[in-house]
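Below is one structure, written out as structure tokens, with a few remarks after it.
We name chains A, B, ... by the order of the sequence lines, and we start the count at 1 in each one. Computed over heavy atoms, backbone and side chain alike; hydrogens, waters and symmetry mates excluded.
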Amino acid sequence: MNRIVRKKVLNEQVVLMEIDAPRIAKKAEPGQFIIFRIDEQGERIPLTIADYDREKGTVTIIFQIVGESTMRLSELNEGDTILDFVGPLGVASHLEGYKKVAVIGGGLGTAIAYPQAKKLTALGAEVHMITGFRNKELIILEEECKKVSAKAIVATDDGSNGTKGFVTDVLKKLIEEGNQYDLVIAIGPLVMMKFVSQLTKEYGIKTIVSMNPIMIDGTGMCGGCRVTVGGKTKFACVDGPDFDGHEVDFDQAILRQQTFKKYEQQAVQNHKCRLEGMADA
Amino acid sequence: MPKNMSLKKVPIPEQAPEVRNKNFEEVATGYTKEMALEEANRCLNCKNKPCMQGCPVQVHIPEFIEAITEQNFEKAYAIIKKTSSLPAVCGRVCPQESQCEKYCVRGIKGEAVAIGRLERFVADYCMNNNTEEKINIQKNGRKVAVLGAGPAGLTCAGDLAKAGFSVTVFEAFHKAGGVLVYGIPEFRLPKSIVQKEIDGLKELGVEIQTNMVVGKTVSIDELREEGYEAFFIGTGAGLPAFMNIPGENLNGVYSANEFLTRINLMKAYQFPKYDTPVYLGKRVAVVGGGNVAMDAARCAKRLGAEEVYIIYRRGEEEMPARLEEIHHAKEEGIIFKLLTNPVEVLGDDKGWVTGIRCVKMELGEPDASGRRRPQPKENSEFDIALENVIIAIGQTPNPLIKSTTEGLETQKWGGIITNEAGKTSLDGVYAGGDAVTGAATVILAMGAGKTAAKSIADYLLKK
């Protein structure tokens, strides 16, 4: 259980792992997440499920190396096991009944947007995928996204892949060109989701965003993951992670994300020191 | 040995307050053999055993105390174990003053016999000396699933295993123990003790599967297909209540659940040896007057907070916490702001807590709980400058199982509805503990687990 059956480095910050977890694979749906804990000292870290294979009994996670836990996870290899891997948690995305959907992935968010696009296409919707990255070195899942959408556009902030601009620019252009979306799904950094939601509000297009705040248990117990939605406090782990983008208080969410930044940096620094210490020895 | 007619309990050795409020080691170090003998001789061995009626699991109290006076600690332990599955835990965390000791005849004039301390002594002595005899269990091959590895679930599992059933406990967290591991701090209940109790259950043949969120990873209906014939739901009161006042989502506001889970389960007090951090400033307010509030306040103190406040809207008399916890908290320098209620958490433009705004309260007529209802005093607002607010005003049952189990009836506020035997609206499905009652005590949850175990055994053996 919880064995890493495949590992693929997608770029220098982003790693894909396929984990043997048959119980979770059997139940997982797009939009849901898992929580992992590497070892006895590890944190409980939530990651949205990037893909699942019910027959093989595997769940795919794609993560960015941002803190101690993801750094340590990235150091594991095929054949290694993760101590704890629990899920699928959260409410699955409601994807039935849409005709034409714009699915937007910002950076690592692309990994979570991908299964949504895949499912929507399987359900018969016409899917336009817009993914955005800082530069072309950071692009992930380009081929995969093409396969599960009628149109796939990759934009880079610096234009290094040929399409310069933010995902909001691309979305705006597509809408202005006459594409009538009955749903927009936006998954990525909070700032990106905020601006996509602002744009779609102008056009009156229903927008779903996926929140991935700090949490511990993932079952509603700690309340650390609270987000304000439509003026009410919601728990991302049990009420979400999907919420109506027009109702989410993104500014508060952005502030809340800072709570443990200092400790994260300290932990990463310690980890690096330990590694360097080992190299010296 | 003659009866000890002292009006006072034999004191239990404790770490000095100014020492212990800087470490996470156990506050009370426990009776020695000599102290236990001396205290046991205060018991009059009353014929009508008034103490027993105060015990939710009916421990045969005078009998086990008599065995202590005979210095037969193994026998004392066996007597407790007959009706209680977690003696080392109960001896430490039960509110004895409102249970067994409340009815003790010695308490009429003087202090009650220290039943809790004696129970703890016996359990610790026997655990440390490995005196427990292996029980020979005849397995009957019938499968029962217990959902939740807290006090209710573990008790139910233990009793069913002893009765011959094959019991699997499904736990959502990575570790069994429920509130005993995520909620109650190390200094009040060492985790090694909880682990020993759990190891004892494993020896009885109980299987524990962690990381299993019933309702998500697997459903009750699927477990039925896997051959489980009966179920016990002991999923506790996991959903933290907030006050719904402005500023509650500022950085630095925690639910007590989050704060305590970070510290106890994830061992944030050993950061960075353990990866999980806990952010804490120099001044902290804990809102609430129960054991959870005391635990949170005392943890904050131990983590180095200089000013730690308990903010409670009623008076000390009305506080639901154990007397000993209130006493210990005061000794450790926790500042009590009673008859005080927060109305707003104050913050800066970066989203961090800077203080709490409160109003003074006064007590009016008694409410439904029989306690006098607190009312705000006019124009009594005042601010306390601080960096953290921890909300410990209660929890409600976790809705996960309810929302994924068709036909399971619950109260409006989420508690699972059962009859006296612990049976729910579904055939073969039983429930108990905080999932049924809302947040209560470890011992009441154990009592409910015990009742349900008996009902489940009766149900399956008739089937």
Side-chain angles (χ1 to χ4, degrees), chain A residues 1-2 21 23-24 26-27 32 35 37-45 67-69 72 83-91 214-228 232-233 235 238 249 251-264 266-267 269-271, chain B residues 171-175 182-183 209-213 215-219 222 235-242 244 248-262 265-268 270-279 347-352 391 395-400 403:
Chain A
M1 280 257 277
N2 311 343
R23 285 241 193 220
I24 304 174
K26 198 175 145 195
K27 286 290 187 67
Q32 290 188 296
I35 282 182
R37 191 177 72 125
I38 291 191
D39 55 27
E40 269 313 311
Q41 282 72 42
E43 288 173 276
R44 291 173 65 94
I45 298 287
E68 164 95 12
S69 295
R72 292 214 282 139
L83 182 60
D84 298 301
F85 200 73
V86 57
L89 300 166
V91 182
I214 292 157
M215 58 177 78
I216 304 176
D217 61 298
T219 62
M221 204 203 83
C222 79
C225 65
R226 26 197 217 286
V227 285
T228 303
K232 291 206 173 82
T233 294
F235 291 178
V238 287
D249 183 344
D251 294 336
Q252 184 187 73
I254 289 166
L255 293 176
R256 283 186 66 76
Q257 222 180 19
Q258 301 301 315
T259 310
F260 293 98
K261 270 279 173 323
K262 193 176 77 186
Y263 298 90
E264 209 168 76
Q266 188 191 338
Q269 208 47 48
N270 281 347
H271 186 79
Chain B
E171 166 58 40
F173 262 131
H174 54 261
K175 207 177 191 78
Y182 75 72
Q209 290 193 21
T210 52
N211 295 326
M212 290 291 279
V213 185
K216 288 290 178 189
T217 315
V218 71
S219 68
E222 286 167 319
T235 44
L239 227 54
F242 286 90
N244 297 316
E248 256 181 324
N249 291 346
L250 288 166
N251 293 352
V253 181
Y254 295 104
S255 73
N257 270 359
E258 179 182 1
F259 184 67
L260 290 172
T261 302
R262 282 182 181 275
L265 181 72
M266 307 308 296
K267 308 220 178 296
Q270 295 182 50
F271 180 87
K273 184 182 163 204
Y274 284 77
D275 294 345
T276 304
V278 61
Y279 160 71
D348 62 19
D349 57 355
K350 296 266 167 30
W352 294 86
I391 315 233
Q395 293 97 240
T396 51
N398 198 311
L400 265 187
S403 62

**Item:** Which atoms of K216(B) approach chain A - backbone, side chain, both or neither, heavy atom under 4.5 Å
**Value:** both
**Asked** Between the side chains of D217(A) and T261(B), does any donor sit under 3.5 Å from an acceptor?
**Response** no
**Prompt:** What part of K232(A) is in contact with chain B, defined as an atom under 4.5 angstrom from a non-hydrogen atom: side chain, backbone, both or neither?
**Reply:** neither
**Message:** Just so I understand: if I count every heavy-atom pair under 4.5 Å between each of G351(B), G236(B), G238(B), S219(B) and chain A, which residue has the most?
**Reply:** G238(B)
**Prompt:** Which heavy atom in S69(A) sits nearest to a heavy atom in D275(B), and how many Å separate them?
**Reply:** OG-OD2, 4.2 Å
**Item:** Taking every non-hydrogen atom, the tightest pair across G220(A) and P240(B)
**Value:** O-CD, 3.3 Å
**Prompt:** What part of L250(B) gets closer than 4.5 Å to chain A, counting heavy atoms only: side chain, backbone, both or neither?
**Reply:** backbone
**Message:** Which atoms of L400(B) are under 4.5 Å from chain A, going by heavy atoms: the side chain, the backbone, both sets, or neither?
**Reply:** side chain
**Request:** Kindly give the heavy-atom pair with the smallest separation between K273(B) and Q41(A), and that separation in Å.
**Result:** O-CG, 3.3 Å
**Prompt:** Hey, does the side chain of N257(B) reach the backbone of M221(A) with a donor-acceptor pair shorter than 3.5 angstrom?
**Reply:** yes
**Request:** Search all heavy atoms of E40(A) against all heavy atoms of Y274(B) and return the closest pair with its distance.
**Result:** O-CE2, 3.3 Å
**Item:** Short N-O contact, E222(B) and R23(A), less than 4.0 angstrom
**Value:** no
**Fill in**
Interatomic distance, CZ@F173(B) vs OG1@T219(A), rounded to 0.5 Å, equals 6.0 Å
**Message:** What part of F235(A) gets within 4.5 angstrom of chain B, counting heavy atoms only: side chain, backbone, both, or neither?
**Reply:** side chain
**Item:** Smallest separation among heavy atoms of P277(B) and F260(A), with atom names
**Value:** CG-CD2, 3.7 Å
**Message:** Heavy-atom count check: over 12 atoms from other residues, nucleotides or ligands less than 6.0 Å from K267(B) NZ?
**Reply:** yes
**Message:** Could you tell me if N249(B) and T233(A) have a donor-acceptor pair between their side chains, going purely by distance under 3.5 Å?
**Reply:** yes
**Request:** Measure the shortest side-chain to side-chain distance between M266(B) and I216(A) over non-hydrogen atoms and say whether it is less than 4.5 angstrom.
**Result:** yes
**Asked** Which pair of heavy atoms, one from D349(B) and one from L255(A), lies closest together, and at what distance?
**Response** O-CD1, 4.4 Å
**Item:** Interface residue of largest heavy-atom contact number with chain A, from L265(B), I391(B), V213(B), under 4.5 Å
**Value:** V213(B)
**Message:** Need one label for V253(B): side chain, backbone, both or neither, based on atoms under 4.5 Å from any heavy atom in chain A.
**Reply:** both
**Message:** Let me confirm one number: the CZ-CZ distance from R44(A) to R262(B), rounded to the nearest 0.5 Å.
**Reply:** 12.0 Å
**Asked** How about Q258(A) and K350(B): do any of their side-chain heavy atoms sit closer than 4.5 Å?
**Response** no
**Prompt:** Are R256(A) and N251(B) close enough that some pair of their side-chain heavy atoms sits under 4.5 Å apart?
**Reply:** yes
**Asked** Tell me, side chain or backbone of F242(B) under 4.5 Å from chain A's heavy atoms, or both, or neither?
**Response** side chain
